[in-house]
Amino acid sequence: MLTMKDIVREGHESLRIKANKVELPATEEEKVLLTKMLQFIKNSQDEEMIEKYELRSGVGLAAPQLGISKQMIAVHFTDHNDRLYSYGLFNPRIISHSVEQTYLPGGEGCLSVDRDVPGIVPRYARITVKATTLEGEDVKLRLKGYAAVVFQHEIDHLNGVMFYDHIDQNDPMTPPENAVSVDEL
Ligand code: UDB
Ligand code: ZN
(Lines give C-alpha, C1' and ligand atoms only; values in the text may rest on other atoms or scores of the structure.)
(Ligands and ions follow the chains in the order given, each with its own letter.)
Protein backbone atom coordinates (compact mmCIF):
# COMPACT_ATOMS: atom_id res chain seq x y z
CA MET A 1 0.00 0.00 0.00
CA LEU A 2 1.23 3.50 -0.81
CA THR A 3 1.36 6.15 1.94
CA MET A 4 2.60 9.76 2.20
CA LYS A 5 6.11 8.35 2.80
CA ASP A 6 6.16 7.18 -0.83
CA ILE A 7 5.47 10.68 -2.16
CA VAL A 8 8.60 12.59 -3.17
CA ARG A 9 8.73 16.28 -2.29
CA GLU A 10 9.98 19.45 -3.94
CA GLY A 11 13.65 19.16 -4.77
CA HIS A 12 13.36 15.61 -6.14
CA GLU A 13 14.47 15.61 -9.76
CA SER A 14 11.62 13.39 -11.01
CA LEU A 15 9.31 16.37 -10.37
CA ARG A 16 11.33 18.46 -12.81
CA ILE A 17 11.97 16.14 -15.75
CA LYS A 18 9.77 14.88 -18.58
CA ALA A 19 8.38 11.43 -17.85
CA ASN A 20 8.84 8.62 -20.38
CA LYS A 21 5.94 7.18 -22.37
CA VAL A 22 4.73 3.80 -21.24
CA GLU A 23 5.13 1.24 -23.98
CA LEU A 24 1.77 -0.37 -24.57
CA PRO A 25 0.50 -2.85 -23.69
CA ALA A 26 1.66 -1.94 -20.18
CA THR A 27 3.52 -4.59 -18.17
CA GLU A 28 1.93 -6.30 -15.19
CA GLU A 29 4.26 -4.28 -12.94
CA GLU A 30 3.08 -0.99 -14.49
CA LYS A 31 -0.57 -1.98 -14.10
CA VAL A 32 -0.01 -2.97 -10.45
CA LEU A 33 1.65 0.39 -9.76
CA LEU A 34 -1.15 2.37 -11.43
CA THR A 35 -3.73 0.35 -9.48
CA LYS A 36 -1.88 1.21 -6.25
CA MET A 37 -1.83 4.89 -7.22
CA LEU A 38 -5.60 4.89 -7.74
CA GLN A 39 -6.12 3.02 -4.46
CA PHE A 40 -3.94 5.58 -2.65
CA ILE A 41 -6.18 8.40 -3.85
CA LYS A 42 -9.31 6.49 -2.85
CA ASN A 43 -7.82 5.72 0.59
CA SER A 44 -6.92 9.37 1.03
CA GLN A 45 -10.65 10.20 0.86
CA ASP A 46 -11.62 7.59 3.48
CA GLU A 47 -11.87 9.07 6.99
CA GLU A 48 -10.60 5.90 8.74
CA MET A 49 -7.64 5.48 6.37
CA ILE A 50 -6.77 9.20 6.69
CA GLU A 51 -6.53 8.90 10.49
CA LYS A 52 -4.72 5.58 10.52
CA TYR A 53 -2.09 6.50 7.90
CA GLU A 54 -2.02 10.31 8.21
CA LEU A 55 -3.01 10.84 4.58
CA ARG A 56 -3.77 14.19 2.94
CA SER A 57 -7.10 14.08 1.15
CA GLY A 58 -6.05 13.81 -2.49
CA VAL A 59 -7.82 13.98 -5.83
CA GLY A 60 -5.00 12.94 -8.16
CA LEU A 61 -1.46 11.57 -8.32
CA ALA A 62 1.19 11.27 -11.04
CA ALA A 63 3.95 8.62 -11.15
CA PRO A 64 6.78 11.22 -10.97
CA GLN A 65 5.43 12.02 -7.48
CA LEU A 66 6.60 8.54 -6.51
CA GLY A 67 10.00 9.16 -8.09
CA ILE A 68 8.96 7.10 -11.12
CA SER A 69 9.49 8.90 -14.41
CA LYS A 70 6.68 7.30 -16.41
CA GLN A 71 3.56 8.81 -17.98
CA MET A 72 0.96 7.48 -15.56
CA ILE A 73 -1.70 9.36 -13.57
CA ALA A 74 -4.54 8.39 -11.25
CA VAL A 75 -7.53 10.62 -10.48
CA HIS A 76 -10.55 10.04 -8.27
CA PHE A 77 -13.00 12.85 -7.53
CA THR A 78 -16.55 14.03 -8.16
CA ASP A 79 -17.37 17.37 -9.78
CA HIS A 80 -20.06 19.89 -8.84
CA ASN A 81 -22.64 17.83 -10.75
CA ASP A 82 -21.74 14.71 -8.70
CA ARG A 83 -20.10 13.16 -11.76
CA LEU A 84 -17.40 10.69 -10.72
CA TYR A 85 -14.03 10.80 -12.45
CA SER A 86 -12.12 7.69 -11.45
CA TYR A 87 -9.30 6.68 -13.79
CA GLY A 88 -5.88 5.14 -13.91
CA LEU A 89 -4.38 6.41 -17.18
CA PHE A 90 -1.29 5.66 -19.26
CA ASN A 91 0.19 8.30 -21.58
CA PRO A 92 -2.49 10.97 -21.06
CA ARG A 93 -2.14 13.99 -23.34
CA ILE A 94 -4.12 17.14 -24.04
CA ILE A 95 -5.09 17.01 -27.72
CA SER A 96 -7.07 20.27 -27.73
CA HIS A 97 -8.01 23.08 -25.38
CA SER A 98 -10.09 26.25 -25.14
CA VAL A 99 -8.68 29.74 -25.41
CA GLU A 100 -10.71 30.66 -22.34
CA GLN A 101 -8.96 30.01 -19.03
CA THR A 102 -10.18 29.04 -15.59
CA TYR A 103 -8.81 28.80 -12.05
CA LEU A 104 -9.64 27.59 -8.55
CA PRO A 105 -10.51 30.71 -6.52
CA GLY A 106 -8.51 29.36 -3.56
CA GLY A 107 -5.46 28.51 -5.64
CA GLU A 108 -3.86 25.06 -5.73
CA GLY A 109 -1.69 22.85 -3.55
CA CYS A 110 0.18 19.64 -4.23
CA LEU A 111 0.84 16.38 -2.42
CA SER A 112 4.53 16.94 -3.19
CA VAL A 113 4.57 20.48 -1.74
CA ASP A 114 4.58 20.87 2.05
CA ARG A 115 3.94 24.59 2.13
CA ASP A 116 1.22 26.99 1.17
CA VAL A 117 1.85 28.76 -2.13
CA PRO A 118 -0.85 31.41 -2.58
CA GLY A 119 -1.81 32.65 -6.02
CA ILE A 120 -4.08 32.15 -8.99
CA VAL A 121 -3.06 29.21 -11.21
CA PRO A 122 -4.48 29.85 -14.71
CA ARG A 123 -5.62 26.69 -16.52
CA TYR A 124 -7.48 25.99 -19.76
CA ALA A 125 -11.25 26.09 -19.11
CA ARG A 126 -11.88 23.10 -21.42
CA ILE A 127 -9.59 20.33 -22.57
CA THR A 128 -9.80 17.08 -24.50
CA VAL A 129 -7.52 14.36 -23.17
CA LYS A 130 -6.54 11.15 -24.95
CA ALA A 131 -5.14 8.28 -22.90
CA THR A 132 -5.13 4.53 -22.39
CA THR A 133 -6.95 3.20 -19.32
CA LEU A 134 -5.76 0.65 -16.78
CA GLU A 135 -7.91 -1.83 -18.69
CA GLY A 136 -6.06 -1.08 -21.93
CA GLU A 137 -8.84 0.89 -23.59
CA ASP A 138 -8.12 4.09 -25.54
CA VAL A 139 -10.30 6.93 -24.28
CA LYS A 140 -11.00 10.51 -25.26
CA LEU A 141 -12.23 12.63 -22.33
CA ARG A 142 -13.85 16.04 -22.71
CA LEU A 143 -13.37 17.96 -19.48
CA LYS A 144 -14.24 21.42 -18.21
CA GLY A 145 -13.93 23.43 -15.02
CA TYR A 146 -12.73 21.60 -11.93
CA ALA A 147 -12.17 18.29 -13.78
CA ALA A 148 -10.07 20.10 -16.39
CA VAL A 149 -7.99 21.70 -13.61
CA VAL A 150 -7.24 18.37 -11.91
CA PHE A 151 -6.19 16.68 -15.18
CA GLN A 152 -3.98 19.64 -16.16
CA HIS A 153 -2.32 19.61 -12.72
CA GLU A 154 -1.52 15.88 -13.07
CA ILE A 155 -0.42 16.04 -16.72
CA ASP A 156 1.87 18.95 -15.78
CA HIS A 157 3.70 16.56 -13.42
CA LEU A 158 4.51 14.38 -16.46
CA ASN A 159 6.22 17.40 -17.99
CA GLY A 160 8.18 18.52 -14.93
CA VAL A 161 5.83 21.45 -14.30
CA MET A 162 4.66 22.51 -10.82
CA PHE A 163 1.43 24.44 -10.19
CA TYR A 164 3.27 27.53 -8.92
CA ASP A 165 5.16 27.83 -12.23
CA HIS A 166 1.88 29.24 -13.59
CA ILE A 167 1.44 31.92 -10.88
CA ASP A 168 2.22 35.46 -12.02
CA GLN A 169 4.97 36.51 -9.63
CA ASN A 170 4.23 40.22 -10.12
CA ASP A 171 0.50 39.94 -9.48
CA PRO A 172 -0.25 36.52 -7.95
CA MET A 173 -3.87 37.15 -6.91
CA THR A 174 -5.29 38.66 -10.13
CA PRO A 175 -6.82 36.22 -12.61
CA PRO A 176 -6.00 36.80 -16.31
CA GLU A 177 -8.54 38.77 -18.39
CA ASN A 178 -9.84 35.72 -20.23
CA ALA A 179 -10.25 33.57 -17.11
CA VAL A 180 -13.39 32.65 -15.18
CA SER A 181 -13.59 30.80 -11.86
CA VAL A 182 -14.30 27.04 -12.10
CA ASP A 183 -17.56 27.75 -10.23
CA GLU A 184 -18.84 29.60 -13.31
CA LEU A 185 -18.26 26.70 -15.72
C1 UDB B 1 -4.56 17.26 -4.17
N2 UDB B 1 -6.30 17.83 -2.66
O3 UDB B 1 -4.77 16.09 -3.97
F4 UDB B 1 -12.35 20.14 -3.60
F5 UDB B 1 -12.68 16.59 -0.64
C6 UDB B 1 -5.02 18.28 -3.14
C7 UDB B 1 -4.08 18.44 -1.94
C8 UDB B 1 -2.71 18.86 -2.43
C9 UDB B 1 -4.64 19.52 -1.03
C10 UDB B 1 -3.95 17.14 -1.15
C11 UDB B 1 -7.46 18.37 -2.93
O12 UDB B 1 -7.62 19.32 -3.68
N13 UDB B 1 -8.47 17.75 -2.26
C14 UDB B 1 -9.80 18.00 -2.25
C15 UDB B 1 -10.40 18.99 -2.99
C16 UDB B 1 -11.77 19.17 -2.89
C17 UDB B 1 -12.54 18.39 -2.10
C18 UDB B 1 -11.92 17.39 -1.40
C19 UDB B 1 -10.58 17.17 -1.46
N20 UDB B 1 -3.88 17.65 -5.27
C21 UDB B 1 -3.40 16.59 -6.14
C22 UDB B 1 -1.94 16.66 -6.43
O23 UDB B 1 -1.11 17.27 -5.80
N24 UDB B 1 -1.61 15.96 -7.48
O25 UDB B 1 -0.40 15.97 -8.00
C26 UDB B 1 -3.74 19.03 -5.70
C27 UDB B 1 -4.96 19.50 -6.52
C28 UDB B 1 -4.87 21.00 -6.78
C29 UDB B 1 -5.61 21.27 -8.05
C30 UDB B 1 -5.85 19.96 -8.71
C31 UDB B 1 -5.09 18.93 -7.90
ZN1 ZN C 1 0.62 17.83 -7.63
Side-chain angles (χ1 to χ4, degrees), residues 2-19 33-34 36-51 53-89 92 94 97 101-127 129 131 141 143-167 172 175 179-185:
L2 297 175
T3 67
M4 290 303 296
K5 285 201 295 291
D6 296 297
I7 311 278
V8 305
R9 309 302 158 93
E10 283 178 286
H12 196 289
E13 75 150 357
S14 74
L15 294 175
R16 284 307 192 182
I17 60 181
K18 262 184 83 79
L33 175 65
L34 189 50
K36 285 181 176 171
M37 288 168 58
L38 187 53
Q39 190 59 50
F40 169 81
I41 294 299
K42 291 178 183 174
N43 291 345
S44 82
Q45 295 175 22
D46 177 322
E47 197 49 60
E48 279 181 23
M49 297 298 273
I50 293 172
E51 260 186 49
Y53 297 103
E54 297 182 56
L55 304 174
R56 282 178 82 188
S57 190
V59 291
L61 182 69
Q65 293 181 276
L66 301 168
I68 297 164
S69 205
K70 288 188 183 184
Q71 293 181 19
M72 298 163 52
I73 66 168
V75 297
H76 185 83
F77 61 91
T78 50
D79 68 10
H80 304 297
N81 299 319
D82 269 1
R83 229 203 99 159
L84 175 67
Y85 296 82
S86 187
Y87 294 99
L89 298 174
I94 296 169
H97 64 78
Q101 294 190 296
T102 191
Y103 59 92
L104 296 175
E108 298 187 14
C110 180
L111 288 164
S112 296
V113 178
D114 291 326
R115 59 192 175 104
D116 200 45
V117 187
I120 296 295
V121 180
R123 303 288 190 182
Y124 302 125
R126 294 174 186 77
I127 58 174
V129 172
L141 305 170
L143 307 162
K144 70 164 179 171
Y146 182 68
V149 170
V150 176
F151 276 76
Q152 286 171 83
H153 179 112
E154 303 313 334
I155 291 172
D156 266 356
H157 280 307
L158 306 180
N159 292 308
V161 175
M162 300 295 286
F163 72 93
Y164 45 76
D165 298 344
H166 298 290
I167 299 174
V180 299
S181 152
V182 291
D183 302 327
E184 296 171 52
L185 289 168

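One-based numbering, in listed order, for ligands and for the atoms of each.
Between the side chain of Gln71 and the backbone N or O of Ala19, at least one donor-acceptor pair lies under 3.5 Å.
Taking each heavy atom of His166 and Val121 in turn, the nearest pair found is CB-CG1, 3.9 Å. What you find for Arg123 and Val149 is that their closest heavy atoms are CG-CG2, 4.0 Å. Nearest heavy-atom pair, Pro64 versus Leu15, reported as atom, atom and distance to 0.1 Å: O-CD2, 3.9 Å. Contact between Ile120 and Pro175 at its shortest, heavy atoms only, is CG2-CA, 4.0 Å.
With values rounded to the nearest 0.5 angstrom, Asp46 atom CG is found 9.0 Å from Leu55 atom CG.
Nearby protein atoms of type N, O or S around the Zn ion (ligand 2) amount to 3 (distance under 2.8 Å).
Using a 30° and 60° split on the angle between ring planes, His97 and Tyr124 fall in the parallel class, below 30°. Between Phe151 and Tyr85, the two ring planes are perpendicular [angle over 60°; tilted spans 30° to 60°].
Between the side chains of Gln39 and Asn43, at least one donor-acceptor pair of N or O atoms lies under 3.5 Å.
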Using a 3.5 Å cut-off on N/O to N/O, what pairs does ligand 1 make with the protein? A line per pair would be great.
| unit_1 | atom_1 | unit_2 | atom_2 | d |
| --- | --- | --- | --- | --- |
| ligand 1 | 2 (N) | Ser57 | O | 3.0 |
| ligand 1 | 3 (O) | Val59 | N | 3.0 |
| ligand 1 | 13 (N) | Ser57 | O | 3.1 |
| ligand 1 | 23 (O) | Leu111 | N | 2.9 |
| ligand 1 | 23 (O) | His153 | NE2 | 3.3 |
| ligand 1 | 24 (N) | Gly60 | O | 3.1 |
| ligand 1 | 24 (N) | His153 | NE2 | 3.4 |
| ligand 1 | 24 (N) | Glu154 | OE1 | 3.1 |
| ligand 1 | 24 (N) | Glu154 | OE2 | 2.6 |
| ligand 1 | 25 (O) | Gln65 | OE1 | 2.8 |
| ligand 1 | 25 (O) | Gln65 | NE2 | 3.1 |
| ligand 1 | 25 (O) | His153 | NE2 | 3.2 |
| ligand 1 | 25 (O) | Glu154 | OE1 | 2.9 |
| ligand 1 | 25 (O) | Glu154 | OE2 | 3.3 |
| ligand 1 | 25 (O) | His157 | NE2 | 3.0 |

